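Predicted model only: the values in this text are computed from it and were never measured.
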Amino acid sequence: MEGRTETQRRRPADNYWLNVVQIPMLRTLGVAILCVYVLLYDLLIAPPFSLAGYLAFVAILAVYCLASWLALRKGYRKIKPVDFSLVLLVADLFLWLLVVHRTGAEKSLLFFVGVVLVSHQAYTTFKRILIFAHLTVGSYLLLMLYLAVIEGRQIDWRIEVLKIAYMYGANLYLALTWRPGEALRKRSAEITREATRLNWQLVKKSKQLEEAKLKAEAANQAKSEFLANMSHEIRTPMNAILGMAELAMTSDHTAEQKRYLATVKSSANALLQIIDDILDFSKIEARKLELHPVAFRLRDTLNDTLEVLAARAAQKDLELACQVSNRVPDFLIGDETRLRQVLMNLVGNAIKFTDRGEVFVRVDTVASDRPVPNFSVYEKPSPNSLPEGEGFLELHFVVRDTGIGIPKEKQQIIFESFVQADGSTTRRYGGTGLGLAICSQLVKLMGGRIWVESQVQRGSSFHFTVQLCADQLTTDAQKQADEVFKKAAYPLRVLLAEDNEINQQVAVEFLELRGHQVRVASDGKEVLQALASLRFDVVLMDLQMPHMDGFQATAAIREEEKTTRIRVPIIAMTGYAMKSDRQRCFDAGMDGYICKPIRSQELFEIVESFGPTITQVNKDLATLLLDKE
């Protein structure tokens, strides 16, 4: 519609320019040529030459040209029923007849101009050309009759009939030859209109896409802000849970209490890793979940996982057991959190769908030459991010239950999103149908496959394999939690900027156990006051604080340092864990970044890296935790 409107708007403008400007200019040029012909006739064929008569004739033609142009200019758009341009083209015939009469009448050599007048219509329509072809011949015939009847001249009709035949044949030829051209012009016009329409549709779609892009960018910005705030709000209580659990483990407790605390800490760490990937929305949208291989003890992971689920099994009076083959190494390198997530889901499902009997977990190695099982439900493995080499092995996990089982026709769809084996299980057992789909993706990410064997009312066995690396840990890498808290080689003066009291307590106790001196500031203004009175080796700066936030305080500190020329290291300590948050902190002038919840090893590593001797301080510390980039 918009393209058609634009074409209709352009067409009158083009027609106006053609009829009011171009055609009058061509008419003037043609009249000038005719004046030259008349001058040559007067000088060469019909002397003596009369200048007054010639100028009078030229004046008549000039007045005609001027009058025709003024008429078109004034009345072209005002008088719609009359096509002035067509009227004047017809009037040009009388001008031609006047020139023929002036240059010898029946003996004039300018009779051929009638063909030229027809050729003027060549870019109109076949019908219009044909009309002018007959009109010019008829006009010339009327002129000859006028000369014979009114003026009484002796006309040689044989010659005139021949002239008329020549003229009519030429005009008819012009009309016929232009007919294919007219069809081609119509087709070209249709193509042009269609191209214009498509172009306008493209412009319209481009505008719509641009608007949609702006809306999407706005929605993405809102999403990013929401996720950043969610990250901060979730990590603040998680910081307290992990920090207090780690501090409690250093105190004197019974073995059972320490086991409870270890379970709390292990579960909180697992939950934290899941939160990291949920909040990292760009990975979820791109379907890219990254592995974080670390050294871990498989039997401890299994024990911690089953201990979390043991209470649920006990409530249903189910036996929960696990067997690990002696061929499986104790220490492995892989993504412990992802492995724990798969086990939690499969064992949790087994407990949920089993009313009596047992849930049994078995782990064994897979021989490298073992053929791929030909099960009906089989997920092909994806390339593993772990490097292949010495110690590389594949583990086979089986989670077997004595529950309700899965019909054979349903076993091929249970690994799809939002799908369960029976619609009634949603009402009886609950769930979203996402668990097995997530397990399938995680197992494929770890270079394995997953499948199921099941019989209705006899139970199910979920199999999955993962690829890991064996790791021979040294004694230094197996330190207990209390060894991490030995005194630092070089105690530091630390200024802690934190408004949350629990987070203050966790950070202060961590740092003081390590031997550092800590002063607390609740907002950015107190930070500036503390720096004005004392000198600190490092500042731990929370970003979200009342009165003056961490960015404002950092900017004020860096501005003051331009005068004092003494730079104090500032470490961002925040719950904002999105990809852009780290760079934003560095751009604001901070020297380090640590994300809540705070782990003691990571805290000591980054704080003491700004101490006098980095090598001496860091040699007792474990490697940094996961790089969130």
Side-chain angles (χ1 to χ4, degrees), residues 15-73 76 83-124 128-144 146-147 159-160 162-175 177-178 181:
N15 291 340
Y16 181 84
W17 176 260
L18 174 65
N19 292 286
V20 178
V21 178
Q22 290 182 325
I23 291 180
M25 290 176 61
L26 294 174
R27 180 181 288 111
T28 303
L29 178 61
V31 168
I33 294 174
L34 290 176
C35 290
V36 173
Y37 288 165
V38 172
L39 178 61
L40 293 175
Y41 175 80
D42 288 350
L43 291 174
L44 301 176
I45 298 177
F49 173 70
S50 174
L51 181 61
Y54 176 75
L55 292 178
F57 177 77
V58 172
I60 293 173
L61 297 185
V63 169
Y64 171 74
C65 291
L66 182 61
S68 63
W69 175 69
L70 291 175
L72 287 170
R73 184 178 180 186
Y76 181 77
D83 188 348
F84 268 9
S85 60
L86 182 59
V87 172
L88 291 173
L89 286 173
V90 174
D92 289 347
L93 293 173
F94 296 98
L95 184 65
W96 163 60
L97 295 175
L98 177 62
V99 173
V100 170
H101 187 273
R102 175 71 172 73
T103 56
E106 74 281 2
K107 297 180 181 180
S108 176
L109 299 177
L110 298 180
F111 71 93
F112 71 88
V113 177
V115 179
V116 177
L117 292 175
V118 175
S119 66
H120 285 172
Q121 314 302 317
Y123 292 95
T124 57
R128 186 163 167 175
I129 297 173
L130 199 59
I131 292 174
F132 267 83
H134 291 82
L135 191 58
T136 53
V137 172
S139 301
Y140 186 77
L141 180 59
L142 290 175
L143 176 62
M144 294 299 103
Y146 170 80
L147 294 175
I159 296 177
E160 296 306 326
L162 188 60
K163 288 182 180 178
I164 292 173
Y166 288 163
M167 196 174 352
Y168 182 75
N171 291 344
L172 190 61
Y173 175 76
L174 286 174
T177 55
W178 182 243

(request) Hey, could you give me the CG/CD1 distance between L135 and I129, rounded to the nearest 0.5 Å? (result) 14.0 Å
(message) Can you tell me if L55 has over 12 outside heavy atoms packed within less than 6.0 Å of its CG?
(response) yes
(request) Taking all heavy atoms of E160 and all of E106, pick out the closest pair and write down the distance. (result) OE2-O, 3.1 Å
(request) Give the minimum heavy-atom separation between D42 and Y54, together with the two atoms involved. (result) OD2-CD1, 3.8 Å
(request) Measure the shortest side-chain to side-chain distance between Y41 and L109 over non-hydrogen atoms and say whether it is less than 4.5 angstrom. (result) no
(request) Please test M25 against W69 for side-chain contact (heavy atoms from CB on, under 4.5 Å), starting from the C-alpha separation and ending with a verdict. (result) CA-CA 9 Å; M25 290 176 61; W69 175 69; over 6 Å; no
(message) With heavy-atom distances below 4.5 Å as the criterion, would you say the side chains of T136 and N171 are in contact?
(response) yes
(request) Would you indicate whether F49, at its atom CZ, is surrounded by more than 12 heavy atoms from other residues, nucleotides or ligands within a distance under 6.0 Å? (result) yes
(request) Check whether any side-chain heavy atom of Y168 lies under 4.5 Å from a side-chain heavy atom of L172, and answer yes or no. (result) yes
(request) Apply side-chain contact (heavy atoms from CB on, under 4.5 Å) to V137 and L141, showing your working. (result) CA-CA 6 Å; V137 172; L141 180 59; 5.5 Å; no
(request) Indicate the atoms forming the closest heavy-atom contact of W96 with F111, along with that distance. (result) CZ2-O, 3.3 Å
(request) To the nearest 0.5 angstrom, please state how far the CG atom of L147 sits from the NE2 atom of H101. (result) 5.0 Å
(message) To check you understand the geometry: which heavy-atom pair defines the closest contact between S108 and V100, and what is its length?
(response) CB-O, 3.4 Å
(request) Decide yes or no for T103 and Y37: does some side-chain heavy atom of the first lie under 4.5 Å from some side-chain heavy atom of the second? (result) no
(request) Determine, stepwise, if the pair V99 / V113 fulfils side-chain contact (heavy atoms from CB on, under 4.5 Å). (result) CA-CA 10 Å; V99 173; V113 177; over 6 Å; no
(message) Please check if the number of heavy atoms outside Y166 that lie under 6.0 Å from its OH is greater than 12.
(response) no
(message) To the nearest 0.5 Å, what is the distance between CZ on R27 and CG on L61?
(response) 12.0 Å
(request) Report the distance from atom CG of L97 to atom CZ of R102, rounding to the nearest 0.5 Å. (result) 15.5 Å
(message) Once rounded to the nearest 0.5 Å, what's the spacing between atom OG of S68 and atom CG of L66?
(response) 7.5 Å
